[in-house]
Amino acid sequence: MEELSELLLQRRRKVDALWEAGINPYPNDFKPQHTSADIVATYGSVEQLDTADVSITVAGRILARRSFGKAAFIQLQDRKGRIQLYVKKDQIGEEAFAAFDTFDIGDIVGAEGFPFRTKTGELSLHVRIIRLLVKSLHPLPEKFHGLTDVETRYRQRYVDLIVNPEAREIFVKRSRIVNLIRSFMTERDFLEVETPMMHQIPGGATARPFITHHNTLDMELYLRVAPELYLKRLVVGGLERVFEINRNFRNEGISVRHNPEFTMMEFYQAYATYEDLMDFTEELFCHIAQEILGTLDFTNQGIDISFGRPWKRLTVRDAILEYGDIEAKQLDDRDLALSYARSIGLSLPDEIGYGKLVMEIFDEVVEHKLIAPTFITAYPTEVSPLSRKNDHDPEIVDRFELIIGGREIANAFSELNDPVDQKERFLAQVAEKDKGDEEAQYMDEDYVRALEYGLPPTAGEGIGIDRLVMLLTDSPSIRDVILFPQLRKEVK
RNA sequence: GGGCACAUAGCUUAGCUGGUAGAGCAGCCGACUCUUAAUCGGCAGGUCGACGGUUCGAUCCCGUCUGUGCCCA
């Protein structure tokens, strides 16, 4: 038997007392017909309320209570917001008022009454009937500061959502953003699909997978790191425009930008190029910002960001030359570039490939400096095993990443649809894996076979939903936009 | 994986060069029929994250561990 604090014991005694009095502390027979927002919508603009014959029913959690002996104000919170209730002894009756007196902050109640304005003009509900619907056994956090301890906010998100309206708003916005994306895609004739989360061969991204096991089939399975290879199989199958909004899992570190499971929207459009997708992305992002923020100009963590079009486009090479302290002939020479990389503090093996080296330099000297939306293009073929080679320069691919606020938000490319080339690229990845690169990709024979049937010329893109939500809700950490972020085991 | 910081009542927190803790809110009792961080009087609530060490004595100093945050890889 766990030891309970005085506070918790008091609440439990109240529940016991209710049972003993023949009252169920957890009834389920109350149907609220209105929300707090309904009351405001209907009566909020009416100055003189003559509504004593109106009947409103609401339900919600008691967040605050101000008692005066024979009357009290309580603040009720439901899914739409908050509304003040006025409870008066000579209105609800002696017995009901005695019961009401035992209600605690945190309890869930149902009430019936009529709207009115208090002396100070606040629209409130004048209660005729009030009932306990759920007895809460825990005291809520302090009313003024709320819950600020980040660990508790993440571990007990339900408490965070009860007492911190800002937290709730973030997740309401997140839902709206996802809905906007979904309808934007659907209106452009994209088909929403669901592809496997459990892969026999993890593919579609350079990342370490989570491994799991299927008992009946006695087979190792991997949680997907990306849906890419399955979505492109669908394009082979003739579903020329598809998208999926779902979770990816990557067995990597946790940071303010990384959660082991995170949400991506991936989409593929036949007969499009990566350049088409840059325009498409600008349109999508501007649409979302306009709907969510009402503007294309906003601030994120105190820094001004504008979605004003057109967005800057820059090759990886030009970006390094612009933001790094390095000359072109230095960057273009592998050995000189390697010594430059080491001079800025990167520790890299001697045998590192030139493409990887360039991206290491890019990540170090450029990425965090790109605040305004910027499309970075012309990625090394070596680090892009699923992208189409550039027609004029086989060392680079037709790919871009979108960087906003110093963070990668999207990744897109014209798809590699030459099965012979794809097989060679897979083999190069396998060689890297054999050399010990745990992030290198696996050979996927069936995917090559699908390409052999013919993948239409296609472009595809992945957009990080969590990071997009961070951007539009001004959240400093990915944990603020994921309802239940991953944490270590809780200590008792 | 490395570095730095933090962990005190349900919540938000104070606590000086080491002498075993103080507040606000919440709670309980009492007063109060228009408050909104309601007000007024009283009361209670703490193995100071865990385990070791130093010391006559540790919330405080040292070590290890756990959790969290930030930075780096």
Over all strands shown, is [X] touching base, sugar-phosphate only, or nothing at heavy-atom distances under 4.0 angstrom?
{"X": "A:Val256", "value": "sugar-phosphate"}
{"X": "A:Glu6", "value": "nothing"}
{"X": "A:Ser67", "value": "base"}
{"X": "A:Gly146", "value": "sugar-phosphate"}
{"X": "A:Thr148", "value": "sugar-phosphate"}

Are [X] and [Y] close enough that their ring centers fall under 6.0 Å?
{"X": "A:Phe116", "Y": "A:His126", "answer": "yes"}
{"X": "A:Tyr274", "Y": "A:Phe413", "answer": "no"}
{"X": "A:Phe298", "Y": "A:Phe307", "answer": "yes"}

OP1 or OP2 of [N] under 4.0 Å from side-chain N/O of [X]:
{"X": "A:Lys14", "N": "B:rC28", "value": "yes"}
{"X": "A:Lys143", "N": "B:rA26", "value": "yes"}
{"X": "A:Arg65", "N": "B:rA38", "value": "no"}
{"X": "A:Arg66", "N": "B:rA38", "value": "yes"}

Nearest listed nucleotide, side chain of A:Ile105, among B:rA26, B:rU68, B:rU33: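 From the listed options, B:rA26 comes nearest.
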Rounding to an integer number of angstrom, what distance separates [N] and [M] when you compare their [atom1] atoms?
{"N": "B:rA23", "M": "B:rA37", "atom1": "C1'", "result": "16 Å"}
{"N": "B:rG1", "M": "B:rC60", "atom1": "P", "result": "28 Å"}
{"N": "B:rG46", "M": "B:rU8", "atom1": "C1'", "result": "8 Å"}

Under 5.5 Å and under 30°: A:Phe73 stacked on B:rU35: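 A stacking contact exists, since A:Phe73 sits close and nearly parallel to the base ring of B:rU35.
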Side-chain (A:Arg425) to main-chain (A:Ser387) donor-acceptor, under 3.5 angstrom: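 Checked: pair present.
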